[in-house]
Amino acid sequence: MHQHTKSVTHAIVVHRGIPYEVERVVCTQCGRVLDERPVSRVAA
């Protein structure tokens, strides 16, 4: 077991045909997504 080292990344995901920008908190050591939240809707 290790201490997760957080890194914030932004990504575009499509949910039900609508693109959204999401902010992901990812561990830099193991790559596990620790948190994910939508930031805004992206213009098509």
Side-chain angles (χ1 to χ4, degrees):
M1 188 84 178
H2 69 273
Q3 290 286 336
H4 291 296
T5 306
K6 296 178 182 178
S7 174
V8 177
T9 61
H10 291 262
I12 304 291
V13 295
V14 177
H15 182 67
R16 295 186 182 185
I18 301 170
Y20 287 91
E21 179 182 2
V22 294
E23 182 179 273
R24 289 182 178 159
V25 178
V26 181
C27 175
T28 58
Q29 293 180 352
C30 66
R32 181 177 171 188
V33 176
L34 304 173
D35 188 27
E36 181 176 270
R37 67 181 186 92
V39 177
S40 64
R41 186 172 168 186
V42 179

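Source: prediction; values computed, not measured.
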If you measure from OG1 on Thr28 to NE2 on His4, what distance do you get to the nearest 0.5 Å?
-> 10.5 Å

Closest approach of Ile18 to Arg41 (non-hydrogen atoms, all atoms of both residues) = CG2-NE, 3.2 Å

Would you check if His15 and Pro38 make a side-chain contact, meaning some heavy-atom pair closer than 4.5 Å?
-> no

Which atom of Thr9 lies closest to which atom of Val26, heavy atoms considered = OG1-CG2, 4.1 Å

Cluster check Leu34, Val8: I/L/V/M/F/W/Y, side chain < 4.5 angstrom = yes

Please test Arg24 against Val13 for side chain to side chain contact (heavy atoms under 4.5 Å, CB included), starting from the C-alpha separation and ending with a verdict.
-> CA-CA 11 Å; Arg24 289 182 178 159; Val13 295; 3.5 Å; yes

Measure across His10 and Glu21 and return the closest heavy-atom pair with its distance rounded to 0.1 Å.
-> ND1-OE2, 3.2 Å

